Each structure stands twice: as C-alpha cells, then as structure tokens.
Amino acid sequence: MRIATWNVNSIRSRIDRVEDWLRRTDVDVLAIQETKAREDQFPYLTLQALGYEVAHHGFNQWNGVAIASRVGLEDVQVGFEGAPQWGEPPVTEARAIGATCGGVRVWSVYVPNGRQLEDPHMAYKVEWLRVLAADAAGWSTDETPTAIMGDWNIAPHDEDVWSMEFYEDKSHVSPAERAGFQGVLDAGFVDVVRAHAPGPKVYTYWDYQQLRFQKNRGMRIDFILGNPTFAARVEGAAIDREERKGKGASDHAPVVVQLRD
DNA sequence: ATGGTAGCCCTGCTA
C-alpha cells in the first residue's frame, strides 16, 4: 500500500498534473492540501474516473483539504475535538479531514500559516497544534495504523531551511512553532520519511519567487507522522522532487511512503 | 528595493 501527501496549491489549476502523477506513481491514498475549491468546483469526477473515492473539506473561503483513496474511504471525519476558532464572527477552521482507507487511518492536515511572529495568526497556529497533539495522544496507542500528514508550515530543524539567517525573524522556524510540532511527536508519532530521505538540503517546498527551486533554496515543511503501528509498516519513503519541476508545478513536492501489506 | 510569483476571493489578499 502506497500513501502520499501533496499540497497542490489549487486542485483545479493542478488537476492535469495530479491525474498524470496518480497514473504513474501507483499511489493508493493521497492526502491533498490547499485545494482552493468550493464543493461545486472540486473535480470529483476526474478522480473518480481514475478509481479514487474522494472526501473534501473546504475549511474557509480560500482553502481546503481532501483525501483521495482507491482502497476504501470510511468513517470520514472533519477536524478534531475542540478545534480552536478563528475569524470574526468566530468560525471553526477544522483544517483537517480524516478517513479510514484500507485499514489505515489517515489525516490530511493544513496547519495554519502564522504569517508573522507577532501576528494573531501565529497564536492561533500554536493553539491549533496544541489541540491536534491532545487528540494525537489518543490515537498513538491505537492498534489501527494512523498517519497525520500534510503541510505543517513548520521547519522543525535548522537544516530544514535553506538559510537560518534568512528565516531568523520569520514564521516556520520559531521555538513556539517547533514546540508545537514536537508536541505531536511527544504524543507518540514519528516522522516516517526522514530516515529514508535525510537532509541536509532536502526540502518539500520551494517558493515560486527568486528562482528558489532552481537554486534549491527550499524548506522541509511537509511531513508524514505515524503512530507506532503505522511506523512499523513503513518500508520506504521519498520526496518526489521531480514533480516540482517545469511549468505548472505546485510549489510543494509530493511526499510518499510505502507500507508493507 | 516591502521587491519577486502564483492562484483566487481578482486591480487586493493569501501563501
């Protein structure tokens, strides 16, 4: 069984790429982030024609998460218990969708972008991670293999950014964000990709601007975290850097894990 | 130099 996560930066503008990628990579379950589509705009039919069932949650007016699975899609759940609210008037931004696919519990998450260190969005991001970690603690001891995967908008280690000097006063590397990510690890989850794709200079995201991809000036911010029963089944993993190349690429690369049957 | 690029909510905002 092959499972992947990919921030596609608009499912509508990327649907041809997603279709081609699914056809050639033999992925059974794909967690998608930044769908940027309303329900009536989401290309369900294209993915269904490829044999995938799809669950989508557009959590605010410009973003969304989804799961596409060709090994079953059961017990779909939007968000976590007690997810913090955001906006005026307060609205719940669940920013996550979960489902059981072929016996594996998968969560597609889009961790809030904190924008700036002192921005209220940053406090919201840290609180969101605290709530996720609290729920993750309950999942870590499950017999059910469980993965939390997506765009975390956090570079946990200095080697996960092309320049710590550049990011010193910016989002994604601050102690509070890194502590939030660590909280999910402390809840009993492990990064199942890093051992198979070690750094330094191994990234999952490159800004469109300033020829960052061509210069390999990126960040590792997309992660697949597994509980012990999931991690025990991982036999390989890779970051598909090739997919970031060329015209019409997302600014994120897909991240893939291979599970033993 | 608050620039650059991409995508949508589209001449402004978000990432």
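Naming convention: chains lettered A, B, ... in sequence-line order (proteins, then strands); numbering from 1 in each chain. Values in this document were obtained by computation on a predicted structure and should not be read as measured data.
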Side chains of A/Phe181 and A/Leu129: does their closest heavy-atom pair fall under 4.5 Å?
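No, too far: nothing below the 4.5 Å cut-off.
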Measure the OG-CD1 distance between A/Ser108 and A/Ile97 for me, rounded to the nearest 0.5 Å.
7.5 Å
If you measure from CZ on A/Arg178 to CG on A/Asp160, what distance do you get to the nearest 0.5 Å?
7.5 Å
With [atom1] as the reference atom in both, quote the distance from [N] to [M] in angstrom, rounded to an integer.
N     : M      : atom1 : result
B/dA6 : B/dT11 : C1'   : 16 Å
B/dT5 : B/dC10 : C1'   : 15 Å
B/dA1 : B/dT14 : P     : 26 Å
B/dT2 : B/dA15 : P     : 22 Å
B/dG4 : B/dC9  : P     : 24 Å

Looking at every heavy atom in both A/Leu73 and A/Ala99, which two are closest together, and how far apart are they?
CD1-CB, 3.5 Å
Which heavy atom in A/Pro145 sits nearest to a heavy atom in A/Gly103, and how many Å separate them?
CD-O, 3.6 Å
Integer-rounded Å distance: [N] [atom2] and [X] [atom1]:
X        : N      : atom1 : atom2 : result
A/Asp251 : B/dT14 : CG    : P     : 17 Å
A/Asn60  : B/dG7  : CG    : P     : 19 Å
A/Arg217 : B/dT5  : CZ    : C1'   : 16 Å
A/Gln33  : B/dG7  : CD    : P     : 17 Å
A/Lys215 : B/dT5  : NZ    : P     : 12 Å
A/His252 : B/dG7  : NE2   : P     : 13 Å
A/Phe213 : B/dA6  : CZ    : P     : 14 Å
A/Gln209 : B/dA6  : CD    : C1'   : 9 Å

So A/Val173 and A/Val161, side-chain contact (heavy atoms from CB on, under 4.5 Å) or not? Walk me through it.
CA-CA 8 Å; A/Val173 301; A/Val161 295; 3.8 Å; yes
Any side-chain donor-acceptor pair under 3.5 Å between [X] and [Y]?
X        : Y        : value
A/Tyr208 : A/Asn9   : yes
A/Tyr124 : A/Gln85  : no
A/Glu177 : A/His172 : no

Between the main-chain N or O of A/Thr144 and the side-chain N or O of A/Thr146, is there a donor-acceptor pair closer than 3.5 Å?
yes
Do any of residues 164-175 of chain A sit with a heavy atom less than 4.0 Å from DNA chain B, and if so which?
none
Nearest nucleotide by nearest heavy atom, which residue falls closer to the 5' end of DNA chain B, A/Gly248 or A/Asp151?
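Going by which nucleotide is closer to the 5' end, it is A/Gly248.
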Nucleotide-resolved protein contact map, nucleotides 8-13 of chain B, B/S/- at heavy-atom distance under 4.0 Å:
SB----
Indicate whether OP1 or OP2 belonging to B/dT5 is found under 4.0 Å from a side-chain N or O atom of A/Arg212.
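Answer is no, no contact under 4.0 Å.
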